[in-house]
Trainee: 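This is the structure I want to talk about, given as structure tokens.
Sequence positions, counted from 1, serve as the residue numbers for this chain. Computed from a predicted model, the values in this text were never measured in an experiment.
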Amino acid sequence: MSSSIDVKELCKWCSVPAERLENHPDSKIAVRVFQDKNEVPVVAGNMMADEVVANNAKGLPTKWVLPCGPMGQYKIFADRVNKERISLKNVYVFHMDDFLDWQGRPYPEVNNYFSLKANMLADFYGTIDDALNVPQNQRFFPSVYDIDALDKKVAGLGGVDTVYAGLGYKGLVAFCECPNSPYYSVSVEEYAKSKTRIVHLNEDTLISLSERDIGGFVQIVPPMAITIGFQSMLTAKKTVFMVTTGNWKRAAIRILMFSEPTVEYPATLFPKYVPEVEVLTDTNTAQPPLTEGIF
């Protein structure tokens, strides 16, 4: 697949120094760069808590799309909820995705690498006092057994407030990645309407997951997934990307900042459809992929 992004433009974006990312005049989004990557989950976790507090004070529900990774913000959030006795009884959570085996079936719900649902039950909901926790009937996981349920609930609630997300090195959000078939194409407008669906993971995603999590042991990375689609995510009023994984993401941040929407990097659809988009990153991850003299 040839790139839809002009290489000269891409080289220009990838040469922007880290110190110029914040408040860059050509950026389509807001960027905050922190010296220490450990500051990002603290800021994001507090954003989550502040959002619930503000909505509770107004008598409004809080409606989120949340990832199973990054996870550091959830400890900050849970600590504040438990300490400040913040009620989550009017919070609705839509979970992004989960792994499937090669036959498109979910893995057993055991808190390990293969079940993202089990991870969230243990490491998010399991850290919050029962008296304050999100009601079980307000937690929505994508399911192969009722694939339309999540999108219908989002629509019934009038959309979501905030998407908290990671960012794949090719602009993946949830497991919404670039369609890579040589036999069909998907337009930006079509992709923006994409629903919850079952997907085969792209080979570069399999490699990046194995490198990041299990030392390159790609043979056991789940080959399929179920993922929320952009139709539900793009109902958000705000999207917060948490990106602290170093040189894997340096180009992706800049493409999100400067590119026109392209399904080659799906995250670029967010600035087109979501009113407020922000990246929280650290100095290391913000470094330019290209330095003077390379090209």
Trainee: Among residues at least two apart in sequence or on other chains, which ones pass side-chain hydrogen bond (donor to acceptor under 3.5 Å, both in side chains) with Glu260?
Mentor: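 Expected list: Lys28.
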Trainee: Below 30° counts as parallel, above 60° as perpendicular, anything between as tilted: where do the rings of Phe140 and Phe94 land?
Mentor: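 Answer is parallel, since the angle falls under 30°.
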Trainee: side-chain contact (heavy atoms from CB on, under 4.5 Å) between Glu278 and Met47: does it pass, once the steps are laid out?
Mentor: CA-CA 12 Å; Glu278 183 173 26; Met47 289 174 70; 3.9 Å; yes
Trainee: Does Leu150 reach the side chain of Lys153, with side-chain heavy atoms less than 4.5 Å apart?
Mentor: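 The answer is no; the side chains never approach within 4.5 Å.
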Trainee: Show the atom names and distances, to 0.1 Å, of all donor-acceptor pairs under 3.5 Å that link a side chain in residues 160-176 to residues at least two apart or in another chain.
Mentor:
unit_1: Asp161; atom_1: OD1; unit_2: Lys237; atom_2: NZ; d: 2.8
unit_1: Asp161; atom_1: OD2; unit_2: Lys63; atom_2: N; d: 2.8
unit_1: Thr162; atom_1: OG1; unit_2: Glu51; atom_2: OE1; d: 3.2
unit_1: Thr162; atom_1: OG1; unit_2: Glu51; atom_2: OE2; d: 2.7
unit_1: Tyr164; atom_1: OH; unit_2: Glu51; atom_2: OE1; d: 2.9

Trainee: Testing the 3.5 Å rule here: is there a donor-acceptor pair between the side chains of Asp282 and Thr285?
Mentor: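 Short answer, yes.
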Trainee: Within the distance-only criterion (no hydrogens, no angle test), does the side chain of Gln138 pair as donor or acceptor with the backbone N or O of Val91 below 3.5 angstrom?
Mentor: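 Between the backbone of Val91 and the side chain of Gln138 there is a qualifying donor-acceptor contact (under 3.5 Å).
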Trainee: Phe77 and Trp64: aromatic ring centres closer than 6.0 Å?
Mentor: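 Yes, the ring of Phe77 comes within the 6.0 Å limit of the ring of Trp64, centre to centre.
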Trainee: Taking the side chain as every heavy atom from C-beta outward, state whether Pro223 and Trp102 have any pair of such atoms under 4.5 Å apart.
Mentor: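 Yes; the side chains approach each other to less than 4.5 Å.
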Trainee: Check whether any side-chain heavy atom of Ile29 sits under 4.5 Å from a side-chain heavy atom of Leu256, and report yes or no.
Mentor: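 Yes, close enough: below the 4.5 Å cut-off.
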Trainee: Using a 4.5 Å cut-off on heavy atoms from C-beta on, say whether the side chain of Arg254 contacts that of Leu21.
Mentor: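 SC-SC contact between Leu21 and Arg254 confirmed.
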Trainee: Sorted by first residue and then second, give each ring-ring contact (aromatic ring centres under 6.0 Å, His included) pair with at least one member in residues 182-203; sequence neighbours left out.
Mentor: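 ring-ring contact (aromatic ring centres under 6.0 Å, His included) check on residues 182-203 returns Tyr191-Phe230.
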Trainee: Tell me, which pairs form a salt bridge (Lys or Arg N to Asp or Glu O under 4.0 Å) where one or both residues lie in residues 123-135, sequence neighbours left out?
Mentor: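 For residues 123-135: Arg85-Asp129.
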Trainee: I'd like to check the side-chain hydrogen bond (donor to acceptor under 3.5 Å, both in side chains) partners of Glu84; sequence neighbours left out, ordered by chain and number.
Mentor: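 Testing Glu84 for side-chain hydrogen bond (donor to acceptor under 3.5 Å, both in side chains), a comparison that skips the adjacent residues, returns Arg80.
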Trainee: Does any non-hydrogen side-chain atom of Pro106 lie less than 4.5 Å from one of Tyr145?
Mentor: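 Yes - at least one pair of side-chain heavy atoms lies under 4.5 Å apart.
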Trainee: For Ser4 and Glu264, does a side-chain donor sit closer than 3.5 Å to a side-chain acceptor?
Mentor: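 Yes, Glu264 and Ser4 have a side-chain donor paired with an acceptor closer than 3.5 Å.
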Trainee: Is there side-chain contact between Met233 and Ile228, with at least one heavy-atom pair below 4.5 Å?
Mentor: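 Yes, side chains in contact.
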Trainee: Please tell me if the side chains of Thr196 and Thr227 come closer than 4.5 Å, counting only heavy atoms from C-beta onward.
Mentor: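 SC-SC contact between Thr196 and Thr227 ruled out.
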Trainee: Check side-chain hydrogen bond (donor to acceptor under 3.5 Å, both in side chains) between Asn284 and all other residues, then give those that pass, not counting sequence neighbours.
Mentor: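 Here the qualifying residues are Arg250.
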Trainee: Do Val65 and Tyr273 belong to the same hydrophobic cluster, where Ile, Leu, Val, Met, Phe, Trp and Tyr are linked whenever their side-chain heavy atoms lie under 4.5 Å apart, directly or via other members?
Mentor: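 Val65 clusters together with Tyr273.
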Trainee: If a pair satisfies salt bridge (Lys or Arg N to Asp or Glu O under 4.0 Å) and one of its residues is in residues 202-231, list it, with sequence neighbours excluded.
Mentor: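 Matches after skipping sequence neighbours: none remain.
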Trainee: Do Ser15 and Leu290 come close enough that some side-chain heavy atom pair is under 4.5 Å?
Mentor: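 The answer is yes; the side chains approach within 4.5 Å.
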Trainee: May I ask you to check whether over 12 heavy atoms, not counting those of Gln103, lie within 6.0 Å of atom CD?
Mentor: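 Atom CD in Gln103 is packed in, count exceeds 12.
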Trainee: Which atom pair, heavy atoms only, marks the closest approach of Asn119 to Cys68?
Mentor: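 Closest heavy-atom pair between Asn119 and Cys68: CB-SG, 3.7 Å.
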Trainee: Does CG in Asn23 sit with more than 12 non-hydrogen atoms of other residues, nucleotides or ligands closer than 6.0 Å?
Mentor: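 Result for CG/Asn23: open.
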Trainee: For Asp101, which residues count as a salt bridge (Lys or Arg N to Asp or Glu O under 4.0 Å) partner, sequence neighbours excluded?
Mentor: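 Checked Asp101 against salt bridge (Lys or Arg N to Asp or Glu O under 4.0 Å); zero matches.
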Trainee: Is the number of heavy atoms from other residues, nucleotides or ligands under 6.0 Å of Gln136 CD greater than 12?
Mentor: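 No, because the 6.0 Å sphere around CD of Gln136 holds 12 heavy atoms or fewer from other groups.
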Trainee: Between Arg139 (side chain) and Val134 (backbone), is there a donor-acceptor pair under 3.5 Å?
Mentor: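 Here the side-chain-to-backbone pair exists.
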Trainee: So which pairs with a foot in residues 219-232 pass salt bridge (Lys or Arg N to Asp or Glu O under 4.0 Å), sequence neighbours left out?
Mentor: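 Qualifying pairs, neighbours excluded: none.
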Trainee: For residues 39-62, pull every pair meeting ring-ring contact (aromatic ring centres under 6.0 Å, His included), keeping only residues two or more places apart or in separate chains.
Mentor: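 Applying ring-ring contact (aromatic ring centres under 6.0 Å, His included) to every pair that reaches into residues 39-62, excluding sequence neighbours, yields nothing.
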Trainee: By salt bridge (Lys or Arg N to Asp or Glu O under 4.0 Å), which residues pair with Lys75, not counting sequence neighbours?
Mentor: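 Result, salt bridge (Lys or Arg N to Asp or Glu O under 4.0 Å) vs Lys75: Asp79.
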Trainee: Restricting to side-chain hydrogen bond (donor to acceptor under 3.5 Å, both in side chains), what partner residues turn up for Lys89, sequence neighbours left out?
Mentor: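 Scan of Lys89 (side-chain hydrogen bond (donor to acceptor under 3.5 Å, both in side chains), adjacent residues dropped) gives none.
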Trainee: Check whether the ring centres of Phe99 and Phe114 lie less than 6.0 Å apart, and answer yes or no.
Mentor: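 Phe99 vs Phe114: aromatic centres not under 6.0 Å.
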Trainee: Would you confirm whether Thr205, through its side chain, and Leu201, through its main-chain N or O, come within 3.5 Å as a donor-acceptor pair?
Mentor: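 Checking the backbone N and O of Leu201 against the side chain of Thr205, no donor-acceptor pair under 3.5 Å is found.
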Trainee: Would you check, one step at a time, whether the test side-chain contact (heavy atoms from CB on, under 4.5 Å) holds for Phe34 with Thr244?
Mentor: CA-CA 10 Å; Phe34 300 89; Thr244 60; over 6 Å; no
Trainee: Side chain of Asn111, backbone of Lys117: donor and acceptor closer than 3.5 Å?
Mentor: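 Looks like no, no N/O pair under 3.5 Å.
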